[in-house]
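Residue numbering restarts at 1 for every chain, and letters A, B, ... go by the order of the sequence lines. None of the values given here were measured: they were computed from a predicted structure.
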Amino acid sequence: MMSTDSFSVRLLAWFEKHGRKELAWQINPTPYRVWVSEIMLQQTQVATVIPYYERFMQRFPTVQELAITPLDEVLHYWTGLGYYARARHLHKTAQTVCNQYNGVFPTTLLEMEALAGIGRSTAAAILALSQGQRQTILDGNVKRVLCRYHALTKPPTDPQTLAQLWLFAEQHTPDTQLAAYTQAIMDLGATVCTRSKPQCTLCPLQADCLAYQQGNTAAYPVPKPSKILPVKTTFFIIVQQAMGQVLLQQRPAVGIWGGLWSFPECASFNDVVPWIETNLQLSDYHIENGLSLRHTFTHFHLDITPIYIQSKSTPLAIPLLHTCWYDPHHPPAIGLAAPVVKLLKQLAKLTVGEMLL
DNA sequence: AAGTCGGGGAT
DNA sequence: ATCCCAGACTT
């Protein structure tokens, strides 16, 4: 493999002066701690991750503790981070490490990549950051840095361009100080070579950067052609008892909000009343639709209309599978979809408002 | 190779 | 409103 070029020398010198070295997962960087941080940081920015990471590590200080905890509670600690498959994979891998590796993470790239939720770049990051192995990462930050440095004229999603990026990334990887270098190139992308308004005057790679030489850093990375997102609609049925408990239903393990708890749902407004008549034994109830809210996924917009139902006949029966009465005053440790959290907060305010009247 | 999976921050 | 972020998995 190629040896070092000036790229890593300059980058390491910059990191020594300006890099971040105090992040929680950089302190005592065990494979477990680094692994959890890397999974949380997938598609999620550092500032968002920090409070989640603190809570998670306090509750699950070891891989053993994570492995023996029910998935529902793990999802609870993940609520709001999104990409919930990450949490399911995290739980599964904790059990794999405990059962097949005696609680100790494997030390080869091949074994690491075989674990659920750990791909090529994340496997390399864990080994480099926690053990100083010479492994090459290629995450979103590194892709942006390299697209500019080499002035690549196609989107990083293009297969040939992606292969070229891996090749460049490997050629730039030094033979020593792998933990520092790996952190450094991610830091450069996160703090200097940012998506918009990069701080080129502070960049240690400026002299060799082709995008900078062209005076056109804004042109890189080349964006991939975007699609128009379709709009879907749905209706959340919010049934509330007099004491405040709200009916929730657990979603299937796969698909949107997999395994999370949400309100019972109807695809069409015409289905709402039949659903109520079929599933709830209510003699006397009041129905009222609330203001719609839009939730955007990668591949579509979801317009949600809440349908509020209140009844004086309490308690209501729970005739459905995978349902529970969620008590906002004593919230159980379960995972909630983000729009559900939003609506529950609104509901709490409305309830207080009505009590004041 | 393309589609799927969330939520939030920046612009 | 649009883009995109410390990606991986499924089909």
Side-chain angles (χ1 to χ4, degrees), chain A residues 20 23-26 29 34-53 75 78-90 92-93 112-126 128-129 136-145 147 155-163 165-166 169 182-191 193-198 218 220-231 251-260 262 293-302 335-342:
Chain A
R20 294 176 295 191
L23 296 171
W25 46 89
Q26 296 175 305
V34 170
W35 167 59
V36 172
S37 76
E38 287 298 320
I39 301 302
M40 285 190 174
L41 287 162
Q42 287 171 3
Q43 311 297 305
T44 310
Q45 295 176 357
V46 169
T48 305
V49 162
I50 288 172
Y52 282 90
Y53 186 81
L75 286 168
W78 205 269
T79 292
L81 271 178
Y83 277 93
Y84 296 94
R86 292 187 295 173
R88 291 195 294 273
H89 290 146
L90 200 74
K92 181 177 179 181
T93 287
M112 194 68 85
E113 270 193 79
L115 297 171
I118 300 179
R120 180 174 172 182
S121 185
T122 300
I126 296 169
L129 292 171
T136 298
I137 66 163
L138 186 62
D139 59 26
N141 281 321
V142 179
K143 286 175 185 172
R144 186 173 55 255
V145 169
C147 279
T157 51
D158 170 70
Q160 291 185 12
T161 303
L162 184 61
L165 282 167
W166 274 108
T182 301
Q183 189 66 52
I185 193 162
M186 290 191 288
D187 259 21
L188 188 77
T191 65
C193 195
T194 50
R195 179 161 63 95
S196 59
K197 297 179 183 176
Y220 306 95
V222 175
K224 74 168 184 178
S226 63
K227 294 176 182 175
I228 297 172
L229 298 184
V231 178
R251 302 179 60 86
V254 294
I256 290 204
W257 300 321
L260 300 187
S262 182
L293 58 128
R294 171 167 290 192
H295 186 84
T296 301
F297 294 91
T298 312
H299 45 303
F300 63 92
H301 298 293
L302 183 63
L336 300 174
V340 176
V341 173
K342 194 172 185 175

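- Across all strands shown, Gly258(A) has no heavy atoms under 4.0 Å from either base or sugar-phosphate atoms.
- The residue among Arg144(A) and His301(A) whose nearest nucleotide of DNA chain C lies closer to the 5′ end is His301(A).
- In this structure, Thr122(A) reaches the sugar-phosphate backbone alone: every heavy-atom distance under 4.0 Å involves primed, P, OP1 or OP2 atoms, never a base.
- Within the model, atoms OH of Tyr83(A) and NE2 of His89(A) stand 13.0 Å from one another, a figure rounded to the nearest 0.5 Å.
- Taking atom CD1 on Ile137(A) and atom C1' on dC5(C), their separation rounds to 14 Å, with Å as the unit.
- In this structure, Asp139(A) atom CG and dC5(C) atom C1' are separated by 10 Å, rounded to whole Å.
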Atom pairs and distances, donor-acceptor, side-chain atoms in residues 40-50 of chain A, under 3.5 Å, two or more places apart:
residue	atom	partner	partner atom	Å
Gln42(A)	NE2	Thr122(A)	OG1	3.1
Thr44(A)	OG1	Met40(A)	O	3.4
Thr44(A)	OG1	Gln42(A)	O	3.1
Thr44(A)	OG1	Arg86(A)	NH1	3.3
Thr44(A)	OG1	Arg86(A)	NH2	3.4

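- Contact annotation: Trp257(A) side-chain N/O to dG7(B) OP1/OP2 distance is under 4.0 Å.
- What separates OH of Tyr83(A) from P of dA8(C) is a distance of 12 Å, to the nearest Å.
- For the residue pair Arg144(A) and Cys193(A), the shortest heavy atom distance occurs at NE-O, 2.6 Å.
- Leu115(A) comes within 4.0 angstrom of sugar-phosphate atoms only, judged by non-hydrogen atoms across all strands, and of no base.
- Taking the side chain of Pro223(A) as heavy atoms from C-beta on, and the options dA6(C), dT11(B), dC4(C), the nearest nucleotide is dC4(C).
- Arg20(A) comes within contact range of at least one nucleobase, with a heavy-atom separation under 4.0 Å.
- Among the heavy atoms of the strands, none lies under 4.0 Å from Ile39(A).
- Between Gln45(A) atom CD and dA10(B) atom P the separation is 7 Å, expressed in whole Å.
- We find that CH2 of Trp35(A) is positioned 15 Å from C1' of dG7(C), with the value rounded to whole Å.
- Note on Tyr84(A): a side-chain N or O is less than 4.0 Å away from OP1 or OP2 of dG7(B).
- Of the candidates Leu115(A), Ile137(A), Ile118(A), Thr182(A), Ile118(A) is the only one forming a side chain to side chain contact (heavy atoms under 4.5 Å, CB included) with Ile126(A).
- Comparing dA6(C), dA8(C), dG8(B) by their closest approach to the side chain of Ser121(A) singles out dA8(C).
- Contacts of Val142(A) with the nucleic acid, taken as non-hydrogen atoms under 4.0 Å apart, are absent.
- Taken to the nearest 0.5 Å, the OG1 atom of Thr136(A) stands 9.5 Å off from the CD1 atom of Ile185(A).
- Of the side-chain N and O atoms in Thr296(A), none sit less than 4.0 angstrom from OP1 or OP2 of dG7(B).
- Whole-Å rounding puts the Leu81(A) CG to dG8(B) P distance at 9 Å.
- The phosphate of dG7(B) has OP1 or OP2 within less than 4.0 Å of a side-chain N or O from His295(A).
- Expressed to the nearest 0.5 Å, how far CG of Leu260(A) lies from CG of Leu75(A) amounts to 6.0 Å.
- Gln183(A) comes within 4.0 angstrom of a nucleotide base, judged by non-hydrogen atoms across all strands.
- Nearest-nucleotide assignment on DNA chain C puts the 5′-proximal partner with Ser37(A), out of Ser37(A) and Gly117(A).
- Nearest-nucleotide mapping onto DNA chain B: of Leu260(A) and Lys197(A), the residue sitting toward the 5' end is Leu260(A).
- Atoms CE (Met40(A)) and P (dA8(C)) sit 16 Å apart, rounded to a whole Å.
- Annotation: the span from Lys143(A) atom NZ to Leu165(A) atom CG amounts to 7.5 Å, rounded to 0.5 Å.
- Among the heavy atoms of the strands lying under 4.0 Å from Ala338(A) are primed sugar atoms or P, OP1, OP2 only; no base atom is included.
- Separation of atoms OH (Tyr84(A)) and CZ (Arg251(A)) is listed at 11.5 Å; rounding is to 0.5 Å.
- Place Gln42(A) and Arg195(A) on DNA chain B by their nearest nucleotides, and Gln42(A) ends up nearer the 5' end.
- Among the atoms of the strands shown, only primed sugar atoms or phosphate atoms (P, OP1, OP2) are found under 4.0 Å from some heavy atom of Ala116(A).
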Please tabulate the protein-to-nucleotide N/O contacts below 3.5 Å involving nucleotides 1-4 of chain B, giving atom names and distances.
residue	atom	partner	partner atom	Å
dG3(B)	OP2	Lys227(A)	NZ	3.0

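- Per the geometry, CZ belonging to Phe297(A) stands 17 Å off P belonging to dA1(C), to the nearest Å.
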